[in-house]
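Let me begin by presenting the structure, written as C-alpha cells, before commenting on it.
All values below come from the heavy atoms of this structure, side chains included, with hydrogens, waters and symmetry mates left out.
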Amino acid sequence: MFYFGIFVFVALVVIRLGRCQVALSDTNQARTKATEWLLKEWIEPLPGAPTRLTGGWDDSNTIRVLTALQLVDNGWLFNPANKEKAELAIRHMNSEILNGLVKSANMTSLSAEEGAQYINGLLATCQNPENFYGHNLVTMLTRRIDSIPSGSGTKNVGQVIAAVSALCNAGAPVPPAAIQRINSELKPTSGSCAFCVEGSSMAILAMKCLKDRSGPVDPLVAGISTRQIAYVKGKQEKDGGFDDLISTSIAVQAANAVGTVNLPINVAAALNYILQDQDKETGSFGNPVFTSIVLPTLIGRSGLDVRTVSCPAAKTAGNPIRSNQIRMLLSIEDNIYAQTTVETKVDTAPGQTILQIMNEQSAKHPRAFKFATEAANGGTQLTGLNSVVNDSKNNWSWRVFRIPPGSNQAPQPVATLDNGLGTNVQNGDRIIFRFGRG
C-alpha cells in the first residue's frame, strides 16, 4: 500500500481549462503507457556500485513502484519474463527498508506513513512484515502510533490512518485508541483543511478493511466510514475532479472499494479528469510517485488489494516430505518482551489438530517448546508458551492464528487449539502463536 504511507504535501498546479472528456475505454491504454514509462525509469545496476544501486527506481521509489506493479499486474514479480529485473528490484526494495530501519532506530523516528509503506510493500511482494530479516515491522508500527502528536490537522491524523490501514492489511490487531483518534481528529466538515479529501478517502479505505474482518463491526468504525463518505461525495467538482490529481485518484479508489452505491460519485468523470494529467507521449503522470498512485485507480483497485496479490506457493527446501506426512510452519511471535519471531518447519502426520501437534513438539523438545493451556470456549486455549504467560493486568495474552498455504490473506484467528474452524492443520499451513495486547 504505497499511497497509505504517503501524504504529498506539495502544491499540484493543475490547469483545469480546456479539459476534454475521455472515453473510459482509454483507461486500458493509459494504464499500459504508464506501466511502460515506470519500467523505462528503471536504473540498471552498475558493476561495483554500492548496494543501494542494485537495480530499481531512484529517490527510494522502488517500494512504491513495485507495489503499484504488483497491484496492476497481480504478480508482476512472478512473471518469468520479468525474473532478472524482479530479483534486482526486490533486493533494492529490501535494502531501502533495512536502511530505513537502521537510520530510524527501528522506526522510532520514522514517520508512520513510511512505516505503513514498508509493511504494504512487503505484503504486496509476498514477504512477511512480522519477520523481515528478524524485524517485526508490525510491532514497530503499532508502537509508533502512540508517539504521533495529537491535533486537529490532517497531517497527524493522516499518519494514524496510514498506520491503521497497514496494520489491518497485515491482519494485525489495531489499537482501539487509534480508531478513537481518527474519529475525534478527522472532521473536515467542521472547517477547511489541506488535503481533506485524501484524508477522508484514506479513512474510508481503512474502515473498509476493518469492516471486512470477521465478527461484528465496531460502531465507531461504521460511524467514521459514514461521516467521511458523506464528506467526499459532496466534494466532486464540475470538471470531475476532487481538488487535484492525488485527491481524485484516492477518492476513486475509495469509491471502487466500497461501491458507488455507498459512495455515489461520478467515477467516469473523475477518470476523465485523471487522464488529462497524463503525458500523452511518455505515459507519465508527473513522476514515479504520482504514477504509482494513479495506476491501481485505472484498473479499479486500491491499496487494500495488497491483501489479495497472488503469491506463489512456498517451495519445499532441503529434505523432501515423506509420503505419509505433511509439512507446516510454526511461528512464535513475542511482541511484548523479546520482540522476536521464531519459525520452525514441522513434518507431522496429517489430520491432526493444533493441540496434538503442540503436544508432539513438546514431547520432542521439552526444553524448547513448553506450553500451558486452559479449557475455554468449548475447547482448549493457549495461556503460556515457554516462559511467557498471559498477563490480565496489562491485557497481554497469547492468541493463535492460521494462514493457509500460498495465501497472502490476513492471518485468521483460531478460537481454540482442538475444536472448531481452522484447528485441523493442513499441508503448507502456517500456525502463528502471537503474544501481544489483547
Side-chain angles (χ1 to χ4, degrees), residues 119 122-123 126-132 136-139 142 166-174 209-210 212-216 304 306-316 321 325-335 340-362 369 371-386 388 390 396-438:
I119 288 176
L122 291 172
L123 291 172
C126 301
Q127 299 184 83
N128 182 7
E130 294 181 283
N131 186 17
F132 177 67
N136 191 328
L137 276 66
V138 168
T139 298
T142 302
L167 293 176
C168 183
N169 281 339
V174 174
C209 181
L210 292 173
D212 284 346
R213 291 184 164 183
S214 59
L304 298 186
V306 298
R307 300 176 296 172
T308 61
V309 169
S310 180
C311 296
K315 295 181 179 179
T316 302
I321 306 173
Q325 291 197 319
I326 63 172
R327 178 168 293 172
M328 44 84 67
L329 189 69
L330 289 182
S331 179
I332 302 174
E333 302 177 3
D334 179 357
N335 295 337
T340 57
T341 298
V342 178
E343 294 186 337
T344 305
K345 290 181 181 178
V346 174
D347 289 357
T348 187
Q352 296 196 88
T353 65
I354 297 174
L355 182 59
Q356 287 174 317
I357 293 174
M358 292 173 69
N359 284 326
E360 184 180 83
Q361 289 302 301
S362 181
F369 196 87
F371 65 92
T373 62
E374 67 178 10
N377 296 328
T380 305
Q381 289 191 316
L382 182 65
T383 60
L385 187 53
N386 294 333
V388 180
N390 289 353
W396 299 339
S397 62
W398 284 100
R399 286 169 298 162
V400 182
F401 300 87
R402 173 180 175 266
I403 302 179
S407 171
N408 196 34
Q409 299 176 6
Q412 301 299 311
V414 178
T416 73
L417 301 173
D418 56 353
N419 184 32
L421 187 66
T423 57
N424 283 87
V425 178
Q426 307 296 319
N427 185 49
D429 275 354
R430 180 181 173 210
I431 305 300
I432 304 171
F433 305 108
R434 179 181 294 160
F435 184 72
R437 285 185 170 84

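Using a 4.5 Å cut-off on side-chain heavy atoms (C-beta onward), Arg213 and Cys168 make contact. Contact check for Thr423 versus Leu417: no side-chain heavy atoms found under the 4.5 Å cut-off. Asn169 is listed as a side-chain neighbour of Leu304, based on a closest heavy-atom distance under 4.5 Å. With contacts defined as side-chain heavy-atom distances shorter than 4.5 Å, the pair Pro411/Arg434 qualifies. A 4.5 Å side-chain heavy-atom check between Asp212 and Arg307 finds at least one atom pair inside the cut-off. Ile354 has its side chain within reach of Val425: a pair of non-hydrogen atoms, C-beta onward, lies under 4.5 Å apart. Side chains of Pro173 and Arg437 form no contact here, defined as non-hydrogen atoms less than 4.5 Å apart. With a 4.5 Å cut-off on side-chain heavy atoms, Leu123 and Val309 do not count as touching.
Applying the side chain to side chain contact (heavy atoms under 4.5 Å, CB included) rule to Gln356 yields the partners Gln352, Thr353; only residues at least two apart in sequence or on another chain are considered. Partners of Asn427 by side chain to side chain contact (heavy atoms under 4.5 Å, CB included), not counting sequence neighbours, listed by chain and number: Ile321, Ile326, Arg327.
Going from atom CD of Gln412 over to atom CD1 of Ile432 covers 10.5 Å, rounded to the nearest 0.5 Å. Atom CD of Gln381 is separated from atom CG of Asn390 by 9.0 Å, given to the nearest 0.5 angstrom. Of the inter-residue distances, the one linking Asp334 atom CG with Asn386 atom CG reads 10.0 Å to the nearest 0.5 angstrom.
Summarising the geometry of Ile431 relative to Met328, their closest heavy-atom pair is CG1-CE, 3.5 Å, with the distance given to 0.1 Å. In this structure, Phe369 and Met358 approach most closely via the heavy-atom pair CE2-O, 3.6 Å.
Residue pairs meeting the ring pair (Phe, Tyr, Trp, His ring centres under 6.0 Å) criterion with at least one member in residues 416-438, sequence neighbours excluded, are Tyr337-Phe435, Trp398-Phe435.
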